[in-house]
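Remember, predicted model here, so these are calculated numbers, not experimental data. Residue numbers run from 1 in the order of the sequence given.
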Amino acid sequence: LAQVMESGGGSVQAGGSLKLSCEVSVNLYTKNCMGWFRQAPGREREGVATMYSDGGRADYADSVKGRFNISRNDAEKTVYLQMNSLKPEDTAMYYCAAHDHDPVYCFTTDERFFPFWGQGTLVTVSS
């Protein structure tokens, strides 16, 4: 059974909204990082938003600042990505990831540190 599983993807018109959810069954240490990454056709995977467990510090890619919001429900081991004002360039496979290495690096540029990954959920935005 998958240890990380995303849901909530779909097809929307530009300007619309979607909320992605990710359930993490991995038993993470108290200090950990969870986040979202995406990969568009023909492009490299990039960080979208990450959130640290200690204080809830979040990091966002410049392209989504002001439009996307990441949140966590640690009791349910779930991380969300609320996506608003979606643009065609947001079209991509969105992946949820988590890590709890010590020290914990938790920025959108820290993809290489994440050992736990979901299979992805597809988001398609039409103009």
Side-chain angles (χ1 to χ4, degrees):
L1 201 61
Q3 299 182 102
V4 180
M5 185 166 60
E6 311 94 333
S7 63
S11 298
V12 298
Q13 293 288 327
S17 299
L18 282 175
K19 186 175 183 178
L20 307 182
S21 299
C22 173
E23 296 183 355
V24 180
S25 61
V26 177
N27 192 17
L28 300 171
Y29 289 121
T30 301
K31 294 183 178 180
N32 61 77
C33 179
M34 295 194 288
W36 294 90
F37 299 79
R38 68 185 181 187
Q39 186 167 28
R43 300 176 62 183
E44 296 183 357
R45 189 161 62 187
E46 63 177 350
V48 177
T50 54
M51 180 169 276
Y52 187 52
S53 58
D54 188 8
R57 180 192 61 76
D59 184 50
Y60 295 90
D62 289 341
S63 60
V64 306
K65 287 181 179 177
R67 298 190 298 120
F68 291 10
N69 183 66
I70 185 172
S71 60
R72 296 172 50 143
N73 185 328
D74 291 337
E76 298 181 356
K77 294 191 291 185
T78 304
V79 60
Y80 305 94
L81 185 67
Q82 177 65 52
M83 304 184 293
N84 301 313
S85 301
L86 284 163
K87 305 175 181 180
E89 50 263 45
D90 293 318
T91 295
M93 184 71 74
Y94 283 72
Y95 299 91
C96 177
H99 86 86
D100 59 357
H101 293 110
D102 187 13
V104 176
Y105 293 95
C106 198
F107 292 92
T108 55
T109 53
D110 293 327
E111 176 182 351
R112 64 190 183 280
F113 295 108
F114 288 74
F116 306 112
W117 291 83
Q119 293 184 312
T121 184
L122 182 63
V123 173
T124 302
V125 184
S126 301
S127 61

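Note on Y29 and V24: separate hydrophobic clusters, where clusters join Ile, Leu, Val, Met, Phe, Trp and Tyr whose side-chain heavy atoms are under 4.5 Å apart, directly or indirectly.
Separation of atoms OG (S25) and CD (Q3) is listed at 5.0 Å; rounding is to 0.5 Å.
When all heavy atoms of N32 and D100 are compared, the pair lying nearest together is CB-CB, 3.9 Å. Closest of all the heavy-atom pairs between P115 and H99 is CD-CB, 3.1 Å. Minimum heavy-atom separation, S17 to N84: OG-OD1, 3.0 Å. The shortest heavy-atom contact between A49 and L81 is CB-CD1, 4.1 Å.
With a 4.5 Å cut-off on side-chain heavy atoms, Y60 and N69 count as touching. Between L18 and L86 there is a side-chain heavy-atom pair separated by less than 4.5 Å. Using a 4.5 Å heavy-atom threshold, the side chains of R72 and Y52 count as separate. Within the 4.5 Å cutoff, the side chain of M51 has no heavy atoms near those of the M34 side chain. Between L20 and Y95, every side-chain heavy-atom pair lies at or beyond the 4.5 Å cut-off. With contacts defined as side-chain heavy-atom distances shorter than 4.5 Å, the pair Y105/R112 does not qualify.
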If you look only at distance, which donor and acceptor atoms sit under 3.5 Å apart when one is on a side chain in residues 117-127 and the other is two or more places apart or in another chain?
| residue | atom | partner | partner atom | Å |
| --- | --- | --- | --- | --- |
| W117 | NE1 | F114 | O | 2.6 |
| T121 | OG1 | G9 | N | 3.1 |

Side-chain atoms of residues 37-47: list all donor-acceptor pairs with protein atoms under 3.5 Å, sequence neighbours left out, distances to 0.1 Å.
| residue | atom | partner | partner atom | Å |
| --- | --- | --- | --- | --- |
| R38 | NE | E46 | OE2 | 2.8 |
| R38 | NH1 | D90 | OD1 | 3.0 |
| R38 | NH1 | Y94 | OH | 2.8 |
| R38 | NH2 | E46 | OE2 | 3.3 |
| R38 | NH2 | S63 | OG | 3.4 |
| Q39 | NE2 | R43 | O | 3.1 |
| R45 | NE | E111 | OE2 | 2.6 |
| R45 | NH2 | E111 | OE2 | 2.8 |

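At most 12 heavy atoms of other shown residues, nucleotides or ligands fall within 6.0 angstrom of atom CE in M5.
With 3.5 Å as the limit, one finds no donor-acceptor pair spanning the side chains of T78 and N73.
Within the structure, disulfide bond (SG atoms under 2.5 Å apart) pairs that include any residue of residues 60-127 comprise C22-C96, C33-C106 (at least two apart or interchain).
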